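Structure first, then comments.
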Amino acid sequence: MPNNNENAPVDFIRAIVNEDIRSGKYKPEEIRTRFPPEPNGYLHIGHAKAICIDFGIAAEYGGKCYLRMDDTNPGKEDIEYVQAIEEDVRWLGFTWDGPTRYASDYFQQMYDYAVDMIKLGLAYVDEQSAEEIRQSRGSLTEPGQPSPWRDRSIEESLDLFERMRQGEFPNGSKVLRAKIDMNSPNVHMRDPVMYRILHMEHHRTGDQWCVYPMYDWAHGLEDSIEGITHSFCTLEFEIHRPLYEWFLEPLPVHKPRQIEFSRLNLTYTVMSKRKLLRLVEEGKVNGWDDPRMPTLCGLRRRGYTPESIRDFVQRLGITKFTGITEVEMLENCLREDLNINADRYMAVLDPLKVTITNYPERQVEWLEALNNPEKPELGSRKIPFSREIYIDRDDFREVPPRKYHRLSPGAEVRLRWAYFLTCHDVKHDEQGNVCELLCTYDPETRGGAAPDGRRVKGTIHWVEAGHAVSAEVRLYDRLFVCENPDDCEEGLDYMSNLNPDSLTLLKDCKLEPALLELPPESRVQFERVGYFCSDRHDHIPDKKAVYNRTVALRDSWAKIEKKHN
RNA sequence: UGCCCGAUGGUGUAAUGGUAGCACAACUGGUUCUGGUUCAGUUUGUCUUGGUUCGAAUCCAGGUCGGGCAGCCA
């Protein structure tokens, strides 16, 4: 379900829709929007903003939102993307009205309207080459030159256009052009191409067509045919709006209104399909759903919740200002959601063995641990405890720095949900590295509370050795080292700003047993460490545990330590 | 040196002629069986110059800065 944004401020788009309702132009339930992706790539978080706006606004008014594949270029599009897009939209939590629609379903109508445009003297068949058209379009500061075919008769254009469709001419030999104004300061108005010849199989219409409509001609008609009332798109289409309106104006059709908003930019992220594609092709990431990718399938695999993404988009707001949003805001939405909803478990990422010398050998007891302290009503589980456990290497220091609250020789800490523990001896390997701790526990502190009221400064997590599940854990970090990956030295590009440490593979982590049983895509908190998600593809319940780090917990100790160095 | 669009703390935004507010980030401190969460608090802002007005972030004019546009891509 979409977010409930009744309390959200009214942005300029909603203000326009409100006004159209107030003035009586539309009734609330008549509001129609659409999300119109081209099926030539995967959806990313930038699309999520558009999706939330398109679907969200329609839902708020009781209107409808359609999902429409803008498949007017058979050379780039593929059925594979259609399915991926549908899945991503559904995953984000939205349901489109009716079946998925396709621009290609309207090819015949578009063709008929194009014939009408020729009859109205508003379009003509041009026989110049692509290069000639480019040359004669002029420049940003110079006007264009009219095509020698611009003033040919309506009859001739009609005949030629029909024969273009029949397949009489090769690719690139002719185009249908709108007759607008070669002197327009807006270059898109300098007789834009409406149809090009493409002898090419289309993923839906097969070889039925060999002329395909261009975006500007097609898109407004698609909106019009579907009865779209408000057609939302990003800012780069702003300059196309006069064309959008010019094409619809002379035709006896419904006139939607195009409204542009700024696209989403995120720090430490690239968003263009081209740039993402290169990351995939050059093997910098492992596919489109690599958890470091800003694609929806990547975020999903990383462990992001649809709710947190919707919440994020709502908090973003909608404006026409091109800025860059800090990725911390997204992460905050995620943590807020997961803090409430993710069950807690214990996991030791970098194991250090601890032997509890005063604990009976071969004894195992099962201690109770809350599943989620934020929601005690969710109950508890039993976790094993014995003489041998693992703790995280980072939770022990032979020489503790100032303000260090964890384990060190002679110090007492609490083992989460278990006992107080005191370190008495440290074993080293030949290289001098700490390899085992000899500790004692206080049997009176079972469950973690001291009957005598004494306090410990630190609580650390642990996993019992005998029942521990060995697991692979993937620690993901930001993909780029700087806020704007495109900021780089002369001659270099964003690839030079890739973070070499964006993935750390941990092969021998120790997890509490329950983590092996969870199904793929389970979102949990490893206590004191971060939020993790069992991998969609590689985690196999009861056989193989593979967890991805979604986002680390905030770490104020790391800040203190950094400050003191 | 064309046209279109934009400019409010570090970031994203609200205020539609009347007290510049919210969220994120940062920083202090309290609470805490997660150095998590939470709570209390602090720092930081209307691009600029004029004009209109009792009063301007808001309206007008000039400037500055930023984004977009010359595919038979979308």
Side-chain angles (χ1 to χ4, degrees), chain A residues 8-11 15 36-38 40 70 72-73 75-77 126 128-131 133-134 137-144 171-177 184-190 192-198 212 214-216 218-219 233-242 260 262 264 267 273 312 315-333 335-336 339-340 344 346 369-370 373-374 403-406 414-418 445 447-450 455-461 483 525-530 552-561:
Chain A
V10 173
D11 51 74
E38 182 186 16
N40 71 342
D70 206 0
T72 57
N73 186 353
K76 287 189 172 181
E77 296 144 9
D126 192 355
Q128 293 182 107
S129 69
E131 177 60 18
I133 288 180
R134 193 177 66 77
R137 188 159 20 229
S139 74
L140 293 178
T141 50
E142 297 159 317
N171 288 354
S173 59
K174 292 178 178 49
V175 290
L176 183 71
R177 281 233 256 176
S184 173
N186 180 348
V187 291
H188 294 284
M189 299 298 272
R190 320 237 262 230
V193 173
M194 295 166 67
Y195 275 91
R196 74 282 215 193
I197 299 172
L198 247 32
Y212 291 93
M214 297 288 291
Y215 170 83
D216 287 302
H219 202 89
C233 62
T234 45
L235 245 30
E236 66 270 29
F237 293 101
E238 200 164 31
I239 201 159
H240 293 246
R241 185 168 8 110
E260 313 85 14
S262 62
L264 169 66
T267 54
K273 281 182 193 170
F312 170 66
R315 292 195 209 190
L316 274 180
I318 309 171
T319 65
K320 300 184 71 154
F321 175 70
T322 307
I324 183 162
T325 300
E326 291 174 335
V327 74
E328 286 84 353
M329 183 142 103
L330 211 209
E331 292 175 342
N332 173 71
C333 294
R335 287 200 184 97
E336 224 169 76
N339 176 51
I340 299 298
R344 268 114 247 231
M346 290 202 285
L370 282 181
E374 297 291 328
K403 292 189 177 174
Y404 188 77
H405 295 166
R406 283 112 95 149
R414 174 170 31 237
L415 293 174
R416 180 80 162 151
W417 308 118
T445 58
R455 305 176 79 94
V456 288
K457 280 185 291 184
T459 297
I460 64 174
H461 60 279
E483 288 200 353
Q525 184 194 110
F526 290 177
E527 289 214 61
R528 300 208 313 129
V529 180
L553 249 34
R554 283 203 180 79
D555 189 351
S556 56
W557 163 246
K559 282 182 189 170
I560 294 170
E561 201 177 23

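Not measured: the values here are computed from a predicted model. In what follows, chains are A, B, ... by sequence order, proteins preceding strands, each numbered from 1. When reading the values below, keep in mind they use all heavy atoms of this one structure, side chains included, and skip hydrogens, waters and symmetry mates.
A 4.5 Å side-chain heavy-atom check between A:P373 and A:R344 finds at least one atom pair inside the cut-off.
Taking atom OH of residue A:Y195 and atom P of nucleotide B:rC73, one finds them 14 Å apart after rounding to whole Å. The nearest whole Å value for the distance from the NE2 atom in A:H188 to the P atom in B:rC3 is 16 Å. The CD1 atom of A:I239 sits 8 Å away from the P atom of B:rA70 (whole-angstrom rounding).
Aromatic stacking of A:H219 on B:rA74: not satisfied for centres closer than 5.5 Å together with planes under 30 degrees.
Between A:R241 and B:rC69 there is no side-chain N or O to OP1 or OP2 distance below 4.0 Å. Dashed line: the shortest gap from a side-chain N or O of A:R190 to OP1 or OP2 of B:rA70 is not under 4.0 Å. For A:T319, a side-chain nitrogen or oxygen approaches OP1 or OP2 of B:rU13 to under 4.0 Å.
Here the closest heavy-atom approach between residue A:F321 and residue A:S262 is recorded as O-OG, 3.0 Å.
For A:Q525 and B:rU34, a side-chain-to-base donor-acceptor distance below 3.5 Å is present, hydrogens and geometry of angles not being considered. The base of B:rG35 sits within donor-acceptor range of the side chain of A:R406, with an N or O pair under 3.5 Å. In this model, a side-chain donor or acceptor of A:E374 finds a partner on the base of B:rG36 within 3.5 Å.
Secondary-structure stems of RNA chain B, taken as three or more successive Watson-Crick or G-U wobble pairs (i with j, i+1 with j-1) under a 3.5 Å distance threshold, comprise B:2-7 with B:64-69, B:10-13 with B:21-24, B:26-30 with B:38-42, B:47-51 with B:59-63.
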